[in-house]
Structure formats: structure tokens, C-alpha cells
Amino acid sequence: MIVRFLSGVVAAMFITPSWADDRFFGVWHGDAKEQGSEAPYELTLSLFEVDGRIFQHSVYGPPLNCAGGGVLMKGGTGTLHLSEVIVRNRQDCGDGTIRVYLNGKDELIWEWFYPSGKYAARANLVKQGEKP
């Protein structure tokens with residue numbers, strides 16, 4: 001299953017058009033909660049464009065202490081779907097996908113899904129440098 005997921009990520013790097021509302025780009029911060037858990041964890045999400053491609057980098061605070069990255073798989077009006085491959089602490093965190101929505105001028109709704117598509121976590125993120 002991981003091989004199929006990673007092949008989809010690689011394909012997305014070459015066939016996905018690189019467009020997104022400029023309001024998505026920047027560093028976002030907030031607390032994420034996994035479904036069925038009351039304990040939040042810190043999340044920092046960076047969305048950026050390099051050579052016409054849109055990328056994300058995620059850093060998850062304690063107790064996870066993981067980091068991952070990925071590329072735009074699909075975009076639409078006010079929504080981006082991004083891949084995520086964990087690059088730090090793979091024993092405690094898994095690969096998946098991220099969906100983000102613009103929520104006003106300086107807020108982003110972040111959702112994380114398992115490779116199967118099952119919903120797992122959510123956060124309201126605020127753009128760093130903006131008022132919460």
C-alpha cells in the first residue's frame with residue numbers, strides 16, 4: 001500500500017497543475033486533535049511554491065515529535081489536497097494526505113487522512129505573523 005501511495009505522490013509532482021490562491025502560502029500554526037482523543041498537539045504547517053510546484057512541510061510537536069512533507073495532489077476553489085510522507089520519527093507517525101481550507105483571511109482548517117482515506121485529525125491554524 002505504501003508503494004502505491006508513494007507512486008501517487010511522484011505522479012502528482014509531474015501532472016498536477018501548480019496553482020493555488022496566494023493566501024495559502026506561508027507558515028501556519030495551531031493545535032491539532034486526533035479523532036477520539038482530547039489531547040491536542042502542536043502543529044506547524046508551511047505551504048510554499050518552488051519552480052511552479054506547491055509543497056507542504058509539517059512539524060508535529062509532542063508527544064508525536066514527527067515531521068513530514070509532500071506535494072499538491074489536487075486543488076480547487078479554497079481547498080488544497082496534499083500528500084504527506086513522514087521523514088522524521090516514522091515509527092510513531094504514518095504517511096497520509098492533508099486537506100486544507102481557507103477560513104477567512106488568516107485562518108486555515110487542516111485535516112489529516114490515512115492513505116485509505118479515513119479521517120484522523122483536525123486543526124484550526126492561524127498564519128504566523130497574523131493575530132489569532
Exam field: side chain K127 to backbone F25, donor-acceptor pair closer than 3.5 Å: yes

Polar side-chain atom of D95 near backbone of I86 as donor-acceptor pair, under 3.5 Å: yes

Within a strict 4.5 Å, meaning less than it, do heavy atoms of the [X] and [Y] side chains meet?
X: L45; Y: V27; value: no
X: H29; Y: V126; value: no
X: R53; Y: F55; value: yes
X: L108; Y: N103; value: no

Charged N-O contact under 4.0 Å between D106 and R23: no

Non-neighbouring partners of W112 that pass side chain to side chain donor-acceptor pair (under 3.5 Å), sequence neighbours left out: E84

Heavy-atom pair with the smallest gap, counting every atom of A120 and Y114: CB-CE1, 3.4 Å

Nearest heavy-atom neighbours spanning A123 and A32: CB-CA, 3.7 Å

Polar side chain donor-acceptor pair, Q56 to S58, under 3.5 angstrom: yes

So how far is it from [X] [atom1] to [Y] [atom2], rounded to the nearest 0.5 Å?
X: I54; Y: L72; atom1: CD1; atom2: CG; result: 5.0 Å
X: Y101; Y: E107; atom1: OH; atom2: CD; result: 14.0 Å
X: Y41; Y: D31; atom1: OH; atom2: CG; result: 10.0 Å
X: L47; Y: L80; atom1: CG; atom2: CG; result: 6.5 Å
X: T79; Y: K74; atom1: OG1; atom2: NZ; result: 9.5 Å
X: T44; Y: Y60; atom1: OG1; atom2: OH; result: 10.5 Å

Under the side chain to side chain contact (heavy atoms under 4.5 Å, CB included) test, residues paired with N89 that sit two or more places apart: N65, C66, Q91, D92

Sequence-distant partners of F113, ring-ring contact (aromatic ring centres under 6.0 Å, His included), two or more places apart: Y119

